[in-house]
A.B. asks: 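Below is one structure. I have some questions about it.
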Amino acid sequence: MKTPELVASSWPHIHSGNSVQNMMLTLIIALLPAVVAAFLVFGLDTLKVVIIAMASAIFWDAVLQKLFKKSLTVYDLSAAAYGLVFAMLLPVTIPWWIIVLGTLVMMLLGKHVYGGLGCNPFNGVLIAYVALLLSYPGHMGNWPMPTSDMMMTQYPPLVELKENGPFLLEDAFPVKDLFLGTNLITGSIGEISKLALLLGGLFLIVRKKISWIIPASFLFGLTGFATIFWLIDPNTYASPIFHLLAGGSLLAAFFLATDWPTSPVTKYGMVFFGLMCGVMTMVIRSWSQWAEGAYFAVFIVSMITPYFDKIRPKVFGARFTSKRPVRL
Amino acid sequence: MGPVLTAIVTVGAMGMLASLILGVAAKVFYVYVDPRIGQVGDLLPGANCGGCGYAGCTDLAAAIVQGNAPANGCKAASPEVAANIATLLGISVEAGERQVAQIFCRGDAAHAERKFIYKGIKDCRAAQLVSGGDKACTYGCLGLGTCVEACMFNALHMGANGLPEVNTDLCTGCGNCVKICPRHIPRLIPISQMAATYCSSHDIGKVVKEICEVGCIGCGLCKKVCPEKAIELDKFLSVVDPTKCNGCGKCFEKCPTGVIQAVVLTSKSLKMAA
Amino acid sequence: MRAGRLRGGLVLSYPTNGLASPFEDVASPSTAVVPLQQDQGGACAPKVKKNDDVLVGQMIGESQNLHGASIHAPISGKVTEIIKTFQSISGQTVPAVVIESDGQAQWIDNPAESDPLVALQLAGIVDYDRQTIPLADKLEQARTRNVNSLIVNALDIEPILSSRGRLLQEQPAKIATGIDAIKKILNVTQVFITVDENAFQSVSSIQSALGGSTHILPLCNKYPQAVDYMLVKYVTHVEIPCADGVCIPDVGAVVVDVESLAAVGRKKPVVERFLTVTNSKGHVKNIRVTIGTPIRTVLDHCGITPDKGGKILAGGPMSGMAVASPDLPVTKDLVGIHVQSQREVVAPADATCIKCGLCVEVCPMRLMPFMISGFSEKGMYAEAQHYDISACIECGCCEYLCPVKIPMVQFIKFGKKQISDQRSGA
Amino acid sequence: MQEYLLMIVAAMFINNIVLIRFMGNCPVVGVTSSVDSALGMGAAVVFVTTMAGTTCWIIQKTILEVLGIEYLQTLVFILVIATLVQFVEILMQKVAPPLYRALGIFLPLITTNCMVFGVSVLNIKEEHSFMETLVFSMASAVGFAIVLLFMAGLRERMDSAGRVPKLLQGVPITLITAGMMGLSFAGLMGLD
Amino acid sequence: MSLREIIQMVLVLTIVAAVCAGGLAAVKMVTMEQIEYQQIKFIKEPALKKILTDYDNDPISDRIQLVTGKDARGRDVSTTFFLAKKGSQLVSLAFESTGSGYGGPIGVMIAIAPEDDVVQGIAVTTQSETPGLGTKIIDDPSFSAQFADKPLSANFSLSAAGGQIQAITGATVSSTGVSNAVNRGIELYQAVKPELDL
Amino acid sequence: MAARIVNEFTKGFWKEIAPLRFALGICPALAVSTKVESALGMGFAVVFVLCMSNVLVSAVRNIVPDKVRIAVFISIIATGVVIVELVMQAYFYPLFLVLGIWIPLIVVNCVVLGRAEAFARKNPVLLSLSDGLGMGLGFTLSLVVISSIREILGDGTWLGMMVLPEAYPGFGFLLRPPGAFVIFGLVLGIMNVISARLENKTA
Amino acid sequence: MSRERSELGEVVSLQGRTARVKMKRSSQCSSCSCAGLCSPFGKEWMVLTAMNDVGAAIGQKVRIRYNVEGEVKASFILYIIPMIALLIGAGVGTCIGLFNNPDFSAVVVGLSFMTISFLLIKKYAAWKYDREKTYHPMITEILSDHEK
Ligand SMILES: Cc1cc2nc3c(=O)[nH]c(=O)nc-3n(C[C@H](O)[C@H](O)[C@H](O)COP(=O)(O)O)c2cc1C
Ligand SMILES: Cc1cc2nc3c(=O)[nH]c(=O)nc-3n(C[C@H](O)[C@H](O)[C@H](O)COP(=O)(O)O)c2cc1C
Ligand SMILES: Cc1cc2nc3c(=O)[nH]c(=O)nc-3n(C[C@H](O)[C@H](O)[C@H](O)COP(=O)(O)O)c2cc1C
Ligand SMILES: Cc1cc2nc3c(=O)[nH]c(=O)nc-3n(C[C@H](O)[C@H](O)[C@H](O)CO)c2cc1C
Ligand code: SF4
Ligand code: SF4
Ligand code: SF4
Ligand code: SF4
Ligand code: FES
């Protein structure tokens with residue numbers, strides 16, 4: 001029998017070269033500035049948490065791929081990337097076994113039970129974060145003190161706001177320090193330097209890995225809501241600048257709300273999704289028992305993603321109404 | 001006795017009220033449903049395979065009761081089930097013979113040519129859309145196993161040579177594989193059929209010879225040699241008539257490509273056929 | 001007059017020397033295999049028998065009505081065989097006529113035909129949009145709808161191709177004649193020429209030949225803007241739905257490509273094609289080739305040897321069809337040849353969509369490709385229809401960008417096929 | 001006013017009837033992934049739950065408590081609910097035949113769902129006033145409808161673009177997804 | 001659907017419902033006392049344990065019920081008295097009284113030594129006050145300690161109302177509820193004391 | 001006959017175990033599976049109600065008109081439930097406090113009504129009893145399996161006894177409602193794996 | 001684009017331009033785990049009145065199509081509006097506190113509001129939906145008795 005010489009497949013026969021690996025690598029690179037910023041503040045512990053999170057995520061990913069009889073695809077870097085994002089939400093004091101447990105939950109419930117990357121309706125990072133927050137609130141809220149002597153406050157800005165109200169926030173957390181992550185402001189690894197997050201986020205946008213719409217509308221929704229309530233009652237509600245720069249606003253806007261599988265893909269869907277995340281963040285920060293609402297907000301709103309995606313543009317030609325010839 | 005009486009009277013009254021409302025509702029929404037539909041439905045396998053041509057088992061049950069379908073309308077049910085249904089409805093069941101699927105192509109990788117190397121969706125129906133499928137023979141099996149996926153009874157599996165194989169023990173003759181195959185390779189035959197031409201090609205012999213070593217070239221030797229006149233040629237393809245063929249095997253020897261062969265059944269069904 | 005901008009779609013890089021490379025003639029073949037169906041109309045009835053002698057331009061396959069285009073002998077010589085089951089490039093089984101050349105290349109004199117549309121039909125002129133359609137069929141549809149504008153599609157189907165742009169430079173007179181002819185047939189008053197901005201200058205001679213109401217619309221390179229629907233949108237700013245019951249002439253315009261126009265202008269039966277032959281190493285040649293020539297001969301002429309395990313594409317790399325064998329002949333539905341080496345062959349992946357949304361962003365029809373492809377994969381055809389699978393023009397932009405390389409176009413084609421099968425079955 | 005608002009938020013989200021109180025799971029698991037039928041069914045459930053909640057409350061206050069036979073609550077309520085749905089069906093047909101015609105399929109789907117009964121009992125157990133009963137029943141049912149709707153959306157997506165392992169398809173993955181939805185609602189804890 | 005069928009339906013359902021109800025009423029009567037005992041045991045006993053001292057019987061078994069008034073509809077309302085004995089000697093007597101608090105009624109168990117008419121102690125049994133605020137009436141032992149070992153003649157009103165009881169800061173309503181309950185209990189005790197046949 | 005009785009009894013433990021096999025009665029399985037103790041209490045309550053309702057439904061199966069049969073069945077079931085409620089209050093009060101509203105909710109547990117409708121309505125008393133007992137115990141088994149996983153992994157205890165090392169910190173997530181859903185879903189998946197294995201072996 | 005759903009049924013009687021068609025409850029019921037238990041007297045069939053423009057005869061199997069969007073809208077009118085009326089009524093009743101008993105007052109006013117809403121819906125439905133064909137189920141196809 002003659003062996004066939006040519007290959008045939010359906011078109012297109014060329015490809016942009018874009019790949020999951022490429023997207024995940026970009027995500028990891030985008031987060032590196034934030035890791036460096038945290039490293040400068042908390043020291044080697046930062047690297048410990050980051051490395052344990054990434055390594056254990058890869059480990060669980062591989063184990064679960066074996067268990068679910070899938071081909072091994074850890075080299076697509078998705079586990080590493082999600083492990084890194086997960087590390088961003090943790091305080092550096094977190095014991096190693098909680099990280100390992102968290103990445104297991106993340107990989108199992110946030111990926112493999114749904115059939116792998118992209119099929120999950122919820123972001124595994126957020127699943128793991130909330131599960132741990134409910135199980136080990138003490139460890140998850142064990143905020144490290146950057147250095148012992150010049151300590152200004154023991155709490156991260158939002159916890160301070162929750163505990164003591166908006167008074168003196170401006171003295172304790174000057175805008176410049178909030179933005180740069182300087183001067184002993186504590187928080188989880190990814191909440192330290194807003195400058196680093198902004199750089200990373202813009203990098204993702206410029207490389208066209210995420211759309212600018214979600215972060216923009218997220219931050220717009222958040223600051224808009226914060227402004228309204230701050231104008232109404234500045235004694236109860238903190239300033240919009242504070243809310244924009246404190247806690248995980250930017251982390252959530254650039255790195256969690258834009259998570260590919262769980263965020264909408266249509267333009268208007270993205271706008272509404274982002275706005276709703278922003279508003280929900282403020283609702284949770286203002287009135288629930290939690291100090292930080294951005295992560296919860298993304299988690300909750302991603303439930304509605306399928307509906308946001310129903311706000312799709314009218315298909316080409318759908319507006320066509322009359323068969324009358326157009327005058328040219 | 002007071003509290004007991006209170007309870008009896010109150011709840012009894014409520015029961016009465018409830019049953020009155022239910023009664024009125026039953027009257028308002030009254031639809032006569034033949035109770036036998038439910039009974040027949042209970043007897044059917046409930047796999048909802050669709051092999052009978054109805055939307056589901058309940059629909060077939062209704063059709064059987066109304067006489068629109070025979071008692072053995074369910075392809076997936078055993079003859080006992082059909083008999084039970086027939087007794088329930090007091091009708092007779094024509095002893096239609098059990099049918100099983102066979103794969104009417106023997107052109108595996110070693111014997112049949114391919115036009116090109118196919119890359120794409122692992123589905124024969126989709127592969128058919130790429131330059132007409134990679135098999136050089138336009139009638140041959142593409143071997144991507146869409147029929148295997150479609151069989152709800154696990155009766156098909158992909159053989160080592162890249163052609164599907166039928167486990168006739170498990171095959172119920174539902175015909176799903178027949179319907180889904182883009183090249184109509186699986187076809188149903190009566191389980192008693194002794195011989196079959198395992199090819200689907202209507203190409204002329206010259207074309208077949210060029211691309212496949214095991215295709216029917218339509219030479220008609222089998223037709224000539226058959227003592228029972230059980231073989232006809234249909235556009236260069238020999239077709240065995242199961243009602244005439246007695247399995248003498250004369251044609252097997254004559255066939256130049258060996259494509260006309262004895263039907264081999266899996267052990268259990270062999271016994272059933274005997 | 002300002003043209004609209006294509007929303008979505010791709011800016012693909014392409015070799016820029018295509019427009020500067022003049023057509024070369026590929027030598028006529030000694031044996032020509034001519035399939036008797038080369039367009040979307042029905043198969044033609046064979047008009048010759050084995051051992052008949054034929055002249056160039058002699059009708060060998062006759063279409064029955066305006067929905068087909070007749071087929072002519074591309075070379076003179078003897079009919080050596082009539083193949084009943086010839087597998088064409090698209091995998092269809094059609095009859096074909098094999099002609100052995102006598103080396104004379106002698107043309108036949110066909111009688112004149114008075115009805116212009118029938119003349120086009122008899123001359124076998126086809127128009128290429130996403131498919132090859134008999135030009136007569138297209139114009140007939142336009143004539144019944146009171147069309148007032150002719151849109152000349154001088155854009156190449158894909159940026160990598162350059163034959164239409166080159167034709168504009170080399171045969172402006174023929175094209176102008178063709179345009180004139182069609183203006184008369186349809187009684188249209190305005191002509192719009194959509195052209196690649198790089199081939200812009202060459203249009204001026206046509207414009208001056210045609211006079212007053214001829215507008216030129218230069219467009220930047222963006223795939224898939226050469227599709228009729230898109231061109232109509234640039235010119236009329238109206239989007240025509242890809243739906244039953246509506247067609248482009250409903251808005252008063254008809255789109256015809258320059259190669260058809262040049263053929264009309266030549267006033268002879270179609271026996272040759274103007275093609276761009278490229279490979280992915282930047283090799284570009286524009287050629288004129290006789291229909292029935294094996295692709296292998298064309299490639300030999302251009303100095304390209306296909307790899308084992310590579311691909312030969314009929315058309316460009318975005319929307320071309322993979323050719324099963326280099327021995328297949330050039331037909332009227334060939335607009336270009338692109339050769340890929342084994343290394344460049346992209347294998348689609350069996351992976352799941354990560355919902356990155358790149359496909360949604362790029363789709364020029366504003367569809368949700370990952371949804372319709374997913375629905376097709378799962379056999380959920382009703383849902384696929386609800387998400388307008390039928391509007392997909394199969395341009396492939398979605399799949400080009402997809403990071404997990406889902407074979408979306410194949411899934412979509414598959415879904416459409418299942419839907420139409422269900423329709424015709426039920 | 002504020003206490004009703006809090007009650008609504010609590011019943012709809014914080015103590016969501018499906019995700020936190022574990023009632024009405026069967027329809028959430030069983031109903032198809034069709035978003036349209038989730039909407040229709042959700043509306044019908046709101047109606048039936050509210051009607052059942054208020055009717056049971058009235059019967060509890062006017063009959064059971066007056067006669068001192070509260071212990072028969074379970075028996076009486078279940079009879080009342082079963083009958084009520086039939087009654088409502090008749091009523092609907094009389095009130096708006098064309099409308100009823102268009103959607104009669106949803107109503108009877110829900111009689112035996114434990115949520116309708118559970119809400120009725122909870123109203124009594126938590127000593128709600130009539131107004132509270134009304135608000136609580138309705139808000140709980142809306143909470144149910146929201147879960148149903150979100151679940152339908154997520155399942156539609158899983159069906160179209162997902163690859164849930166065969167062994168987890170159907171009920172298992174729906175339950176796990178419900179768990180994830182419940183987890184996200186933890187974010188609303190303390191909203192008062 | 002014939003009339004006969006409907007009548008049959010009505011009959012069957014009525015009978016089934018009535019029989020079920022009758023059966024349940026019977027079960028209820030059989031278990032009633034035990035249920036009451038259990039409820040008392042698990043709800044009242046913790047409170048009783050807190051306030052009763054120095055006894056050796058089971059006050060829950062040794063309880064008596066007396067009609068102590070009429071409700072709005074004119075029906076009898078009865079109160080249960082738990083008797084704590086040492087040997088055969090009645091050392092104290094406990095019963096429940098209610099006052100209205102911030103979130104609903106507050107039940108208060110009061111123990112009184114009948115011999116010298118001294119309040120031995122009080123304990124809250126049921127309440128639905130705001131956690132962390134009104135619930136201090138339970139959580140803050142110093143609040144209920146104010147009532148212990150005081151003669152019946154003492155003024156158990158809040159200091160704001162001229163009594164001896166210091167209210168819990170921020171939870172005046174709850175405090176008043178408890179104090180009212182105690183006052184009402186003492187009234188009741190004094191009213192029924194003759195009947196108690198001590 | 002005896003073989004059938006045994007068969008109807010044993011099918012409830014694997015082949016038709018509810019709610020694992022059929023999505024019936026999910027709600028209580030989720031609600032009372034935090035602790036093994038309450039799972040057992042609930043399970044036994046269901047066993048009682050199932051047996052009683054199956055026996056009574058089977059006994060009256062020939063005299064109840066079709067149109068009111070469901071109303072009659074739920075009356076019978078409700079009676080069983082109230083009996084359980086009263087008895088539990090009288091003799092197992094702490095358990096009653098734990099299970100709370102879930103005792104009356106047995107009345108709408110799809111398993112109970114499902115068996116009445118699918119089995120007892122069509123079968124004689126003895127078979128129905130056997131079916132009810134089997135299904136009820138199977139239901140209990142499901143509950144115990146789920147609650148064991150939750151209690152052991154969530155708390156480190158089983159039936160209140162410490163079974164994991166003292167240092168085990170517990171995983172509180174599993175004890176909360178979302179954990180119930182997740183464990184239930186995963187157990188169903190594992191069941192599917194096991195039965196697929198078994199099927200392969202027999203095939 | 002409006003979404004449609006189609007189901008199979010059987011004509012049981014004819015009334016002018018409409019036909020009464022018996023059909024299985026819904027394909028949705030097939031996936032319901034409590035299938036069949038929902039209805040206290042076990043109705044598995046329902047009867048719809050559908051426009052019979054294709055001229056189906058009694059006993060014939062037909063395909064019925066209905067508009068899902070109409071269905072969703074109808075369910076809101078029919079189910080949600082009375083509930084809102086009840087809620088408002090009960091709210092008003094509680095506030096005005098007839099007979100010095102807020103609960104009693106809420107019951108009375110609430111129920112009257114709901115009754116009024118039913119009457120209004122009845123008027124509205126008669127006015128609007130009888131005319132608008134899209135809300136009517138339509139027989140679209142007669143499936144011959146033997147096939148399907
Ligand atoms: C996000 C979060 C942060 C918390 N932060 C603190 C904290 O900084 N300090 C603290 O004492 N409790 C904090 N808690 C309170 C804990 O919920 C809980 O009271 C504590 O861990 C209980 O353990 P413990 O009282 O034994 O320390 C926090 C809770 C949460 C959910
Ligand atoms: C940070 C940022 C902000 C942008 N803001 C807008 C904007 O407000 N409006 C806009 O139309 N495009 C904006 N763009 C450009 C969009 O990313 C995008 O290029 C544009 O919407 C393309 O739309 P089209 O593909 O429909 O032509 C912005 C880009 C960036 C990076
Ligand atoms: C899933 C899981 C796995 C654990 N694995 C370990 C482990 O491997 N080693 C360990 O020291 N602790 C492990 N722990 C936690 C220990 O049981 C113990 O709580 C911890 O070591 C005590 O730390 P501490 O004394 O600093 O609080 C694990 C906990 C969980 C929930
Ligand atoms: C949300 C809230 C809860 C309250 N709970 C109580 C309570 O439990 N007990 C109480 O006496 N007062 C309570 N108060 C009322 C208030 O704190 C205080 O009692 C009165 O203002 C007078 O002391 C409450 C007030 C608010 C706003
Ligand atoms: S028989 Fe048909 S469906 Fe099956 S593998 Fe062959 S071509 Fe595919
Ligand atoms: S092999 Fe074909 S006919 Fe046989 S059971 Fe499978 S699908 Fe049905
Ligand atoms: S480009 Fe690919 S991965 Fe991205 S959304 Fe589209 S199909 Fe999914
Ligand atoms: S969905 Fe169709 S039209 Fe849209 S980008 Fe893909 S192939 Fe092109
Ligand atoms: S058990 Fe709750 S709805 Fe079925």
Side-chain angles (χ1 to χ4, degrees), chain B residues 50 53-55 112-140 142 144-147 149-152 175-176 178-184 200-212 215 217-218 235-237, chain C residues 81 83-94 306-315 320-328 340 342 345-351 373-374 376-379 381 394 399 405-422 425-426:
Chain B
Y54 290 84
E113 220 170 88
R114 289 190 181 257
K115 283 192 288 190
F116 53 80
I117 304 160
Y118 169 70
K119 294 213 163 128
I121 305 169
K122 301 268 170 293
D123 183 305
C124 305
R125 295 167 298 171
Q128 171 82 15
L129 298 177
V130 174
S131 304
D134 60 343
K135 212 47 176 269
C137 168
T138 50
Y139 299 94
L142 294 171
L144 294 174
T146 298
C147 51
E149 293 291 314
C151 178
M152 299 172 70
N176 277 341
V178 181
K179 268 178 258 162
I180 204 159
C181 174
R183 300 195 144 181
H184 313 295
S200 302
S201 168
H202 293 287
D203 272 333
I204 58 170
K206 179 166 155 255
V207 173
V208 174
K209 269 193 206 148
E210 264 172 31
I211 52 181
C212 180
I217 54 176
K235 281 196 269 166
F236 311 108
L237 177 63
Chain C
E81 196 186 349
I83 305 174
K84 287 218 181 85
T85 54
F86 182 81
Q87 283 191 46
S88 68
I89 290 180
S90 66
Q92 269 178 307
T93 306
V94 296
D307 268 18
K308 223 173 142 75
K311 274 182 186 172
I312 299 177
L313 305 172
M321 199 178 285
V323 175
S325 151
D327 297 320
L328 287 168
Q340 282 187 331
Q342 180 175 16
V345 169
V346 188
D350 178 31
S373 135
S376 298
E377 181 180 359
K378 299 284 165 65
Y381 306 120
E394 295 166 21
E399 192 171 331
K405 300 201 183 96
I406 294 173
M408 274 181 275
V409 174
Q410 199 184 357
F411 275 125
I412 292 170
K413 281 203 297 186
F414 171 62
K416 286 180 178 174
K417 173 80 166 39
Q418 296 303 115
I419 290 167
S420 71
D421 283 359
Q422 272 178 6

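Throughout, protein chains are lettered first and strands after them, A, B, ... in sequence-line order, and every chain is numbered starting at 1.
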A.B. asks: Rounded to the nearest 0.5 Å, what separation is found between the CZ atom of R183(B) and the OG atom of S200(B)?
C.D. replies: 10.0 Å
A.B. asks: With heavy-atom distances below 4.5 Å as the criterion, would you say the side chains of L129(B) and Q410(C) are in contact?
C.D. replies: no
A.B. asks: Which atoms of Q87(C) come close to chain B, meaning under 4.5 Å heavy atom to heavy atom: side chain ones, backbone ones, both, or neither?
C.D. replies: side chain
A.B. asks: Between S131(B), A136(B), G133(B), who has the most heavy-atom pairs with chain C when the cutoff is under 4.5 Å?
C.D. replies: S131(B)
A.B. asks: For S90(C), which atoms come within 4.5 Å of any heavy atom of chain B: side chain, backbone, both, or neither?
C.D. replies: backbone
A.B. asks: Relative to chain B, which segment of Q418(C) carries a heavy atom at a distance below 4.5 Å: side chain, backbone, both, or neither?
C.D. replies: side chain
A.B. asks: Would you mind checking which part of K417(C) comes under 4.5 Å of any heavy atom in chain B, side chain (CB onward), backbone (N, CA, C, O), both or neither?
C.D. replies: side chain
A.B. asks: Residues in salt bridge (charged side-chain N to carboxylate O under 4.0 Å, His left out) with D134(B), at least two apart?
C.D. replies: R114(B)
A.B. asks: Using the side chain to side chain contact (heavy atoms under 4.5 Å, CB included) criterion, which residues pair with F236(B)? Sequence neighbours excluded.
C.D. replies: I204(B)
A.B. asks: Does some side-chain heavy atom of F86(C) sit less than 4.5 Å from a side-chain heavy atom of L328(C)?
C.D. replies: yes
